Amino acid sequence: MPHSSRRTVISAATAVVALMAVSACDDGSDTGGAASAGTVKVAGVTVKKDKALYDALPAGIKKAGTVRVATDVPYAPFEMFVSEGGKELTGLDYDLGRAIGAKLGVKFVFSPQKFDGIVPALQAGKFDAAMSAITDNKDRQKVVDFVDYSQSGSGVLVAKGNPKKITTLTDLCGAPVAVQAATNQLKLLTETQGHCTAAGKPKIAISTFPKDSDAQLALRSGKVVADVLTKPAAGWTAKTADGGTAFELVEDPKAPGGYHASPNGIAVSKKLPELTEAVQKGLQALIDDGTATKIFAKYGVASIAVKEATRNAAVD
């Protein structure tokens with residue numbers, strides 16, 4: 001799903017409040033400004049430089065010692081500010097970038113950039129790469145290369161304990177379900193109505209809301225049995241709302257990244273193919289040793305992590 005069309009996550013203010021719960025139990029590593037070159041600690045794991053990967057970097061990157069990374073903040077749980085009104089960054093993309101940077105032996109320096117200006121800025125040479133939950137699609141591949149690190153689709157949020165024992169989308173047939181209006185998630189529920197009818201079940205009683213926070217309120221009050229939103233947002237909300245006691249994320253083994261999932265990728269300038277290669281190998285190393293899984297789990301979305309760091313794997 002395109003980043004710009006799926007901003008159905010918790011608000012920036014809620015993200016900051018929820019972030020406090022994660023920050024309070026963080027691993028003590030730096031969460032602001034530029035990531036440190038060399039050894040860093042992320043999600044409880046110490047990540048060290050791989051000399052072979054460092055040696056393979058473009059000469060300009062090695063000389064600068066940095067990779068300039070564009071990111072659109074906030075978009076929980078991928079990128080957030082540590083405190084409201086502050087400039088220090090945190091989030092899944094930020095932590096993963098710090099870990100990849102440490103593996104490559106350079107700093108990943110993140111700078112906020114409006115989403116629609118990220119790709120043009122990469123083309124203009126203002127940045128070397130971008131990490132901002134960007135959907136890898138064929139149109140964007142014409143101007144940037146992607147190293148894919150997650151699958152992002154729609155997820156189902158239910159009350160803690162999953163009292164209705166919902167495990168798949170069709171379990172929502174005949175039940176009242178909340179969703180934000182004018183989203184891909186509403187389209188998904190509308191499509192599911194046909195599956196309900198084919199299975200001889202009543203249709204989903206869909207209730208739309210202007211904001212997902214309103215849909216969550218309906219779920220809290222028992223007016224609906226589920227809220228359908230992006231899976232990363234659902235996982236983050238389940239982990240942080242009321243300290244993790246309010247909601248639960250439904251995990252459908254047939255849709256680990258969420259329903260209608262698309263790959264999210266680290267976008268890299270086509271002028272820097274050696275950097276793309278190094279990032280892909282660095283990410284794969286973090287996947288292989290389990291570090292990537294721990295970073296994703298820190299933000300409640302371990303299931304959306306890929307098992308292989310693919311390149312330009314768009315599904316459109």
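Below, each value reflects all heavy atoms present in this structure, side chains not excepted, and no hydrogens, waters or symmetry copies. What you see is a predicted model; the values in this text were computed from it and never measured.
- With D55 contributing its side chain and A52 its backbone, the two residues share no donor-acceptor pair below 3.5 Å.
- A single hydrophobic cluster is seen to contain both V67 and L53, as judged by linkage of ILVMFWY side chains at heavy-atom distances under 4.5 Å, directly or through other members.
- One hydrophobic cluster holds both I287 and Y149 under the rule that ILVMFWY side chains link at heavy-atom gaps under 4.5 Å.
- Considering CZ of F146 and CZ of R311, their distance stands at 13.0 Å, rounded to 0.5 Å.
- Here the straight-line distance linking atom CG of L219 with atom OG1 of T237 works out to 10.5 Å at 0.5 Å rounding.
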Checklist entry - Which is it for T192 and L172 under the side chain to side chain contact (heavy atoms under 4.5 Å, CB included) test, yes or no, and what are the steps along the way? => result CA-CA 9 Å; T192 304; L172 300 177; over 6 Å; no

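- A pairwise comparison of heavy atoms in V147 and T276 identifies CG2-O, 3.7 Å as the closest pair.
- Residues F78 and D72 are not in side-chain contact: their nearest non-hydrogen atoms beyond the backbone lie 4.5 Å or more apart.
- Between E277 and K281 a salt bridge is recorded (basic side-chain N to carboxylate O distance below 4.0 Å).
- Looking at heavy atoms from C-beta onward, S262 lies out of side-chain contact with N137 at the 4.5 angstrom threshold.
- Legend: disulfide (SG to SG under 2.5 Å) pairs involving residues 215-260, not counting sequence neighbours: none detected.
- K62 places none of its side-chain heavy atoms less than 4.5 Å from the side chain of V106.
- Looking only at side-chain heavy atoms (C-beta outward), K298 and V42 stay at 4.5 Å or farther from each other.
- Legend: side chain to side chain donor-acceptor pair (under 3.5 Å) pairs involving residues 217-227, not counting sequence neighbours, sorted by first then second residue: R220-D242.
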Next on the checklist: Checking Y75 against S132 for the side chain to side chain contact (heavy atoms under 4.5 Å, CB included) test, could you report, in this order, the C-alpha distance in whole Å, the side-chain angles of both residues, the deciding distance, and whether it holds?
Outcome noted: CA-CA 8 Å; Y75 188 69; S132 199; 5.8 Å; no

Next on the checklist: Checking S150 against N264 for the side-chain hydrogen bond (donor to acceptor under 3.5 Å, both in side chains) test, could you report, in this order, the C-alpha distance in whole Å, the side-chain angles of both residues, the deciding distance, and whether it holds?
Outcome noted: CA-CA 5 Å; S150 71; N264 294 324; 3.0 Å; yes

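- Distance check, rounded to the nearest 0.5 Å: CD of Q141 to NZ of K270 gives 7.0 Å.
- Between T208 and the options V177, L189, L186, a side-chain contact (heavy atoms from CB on, under 4.5 Å) holds for only L186.
- A pairwise comparison of heavy atoms in I118 and A130 identifies CG2-CB, 3.4 Å as the closest pair.
- At most 12 heavy atoms of other shown residues, nucleotides or ligands fall within 6.0 angstrom of atom NZ in K211.
- Here disulfide (SG to SG under 2.5 Å) pairs that include residues 242-316, with residues two or more places apart or in two chains, number zero.
- At a threshold of 4.5 Å between side-chain heavy atoms, the hydrophobic network of Ile, Leu, Val, Met, Phe, Trp and Tyr places L169 and L249 in two separate groups.
- Clustering ILVMFWY residues whenever any of their side-chain heavy atoms sit less than 4.5 angstrom apart, transitively, puts F247 in a cluster other than the one holding L217.
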Next on the checklist: Checking L275 against L57 for the side chain to side chain contact (heavy atoms under 4.5 Å, CB included) test, could you report, in this order, the C-alpha distance in whole Å, the side-chain angles of both residues, the deciding distance, and whether it holds?
Outcome noted: CA-CA 6 Å; L275 178 60; L57 288 171; 3.9 Å; yes

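- Between the side chain of E248 and the main chain of A238, no donor-acceptor pair closer than 3.5 Å is present.
- Contact annotation: the side chain of L283 approaches that of L96 to within less than 4.5 Å [non-hydrogen atoms, C-beta and beyond].
- To the nearest 0.5 angstrom, Q113 atom CD is 5.0 Å from F127 atom CZ.
- Contact check for V143 versus L122: no side-chain heavy atoms found under the 4.5 Å cut-off.
- Cluster membership check: V228 shares its hydrophobic cluster with I206, using side-chain heavy-atom separations under 4.5 Å among Ile, Leu, Val, Met, Phe, Trp and Tyr.
- Remark: of the listed residues D95, T240, D93, D95 is the sole one forming a side-chain hydrogen bond (donor to acceptor under 3.5 Å, both in side chains) with Y299.
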Next on the checklist: Let's go through T291 and K103 carefully: what are the C-alpha distance in whole Å and the side-chain angles of both, what is the deciding distance for side-chain hydrogen bond (donor to acceptor under 3.5 Å, both in side chains) to 0.1 Å, and is it a yes or a no?
Outcome noted: CA-CA 11 Å; T291 300; K103 182 65 68 175; over 6 Å; no

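- Atom NZ of K203 sits in a sparse spot, with 12 or fewer heavy atoms from other residues, nucleotides or ligands closer than 6.0 Å.
- K231 and P256 make their closest contact through NZ-O, 2.7 Å (heavy atoms, listed as atom of the first residue, atom of the second, distance).
- A heavy-atom distance below 4.5 Å is found between the side chains of V306 and Q151.
- Here the closest non-hydrogen pair linking F110 and G97 is CZ-CA, 4.0 Å.
- Contact of the I266 side chain with the I100 side chain is registered, since non-hydrogen atoms from C-beta on lie closer than 4.5 Å.
- To the nearest 0.5 angstrom, K160 atom NZ is 10.5 Å from L157 atom CG.
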Item to check | CA sep, side-chain torsions, deciding dist, call: V109, R68, side chain to side chain contact (heavy atoms under 4.5 Å, CB included) | outcome: CA-CA 5 Å; V109 181; R68 300 167 299 164; 5.6 Å; no

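- In this structure, CE on M80 lies 8.5 Å from CG on L92, to the nearest 0.5 angstrom.
- T71 contributes a side-chain N or O that, together with a main-chain N or O of M131, makes up a donor-acceptor pair within less than 3.5 Å.
- Residue E191 comes nearest to H260 through the heavy atom pair OE1-CE1, 2.9 Å, listed as atom of the first residue, atom of the second, then distance.
- Listed here is the closest heavy atom pair of V268 and L272: CG1-O, 3.9 Å.
- A donor-acceptor pair under 3.5 Å links the side-chain atoms of D148 to the main chain of A313, judged by distance alone.
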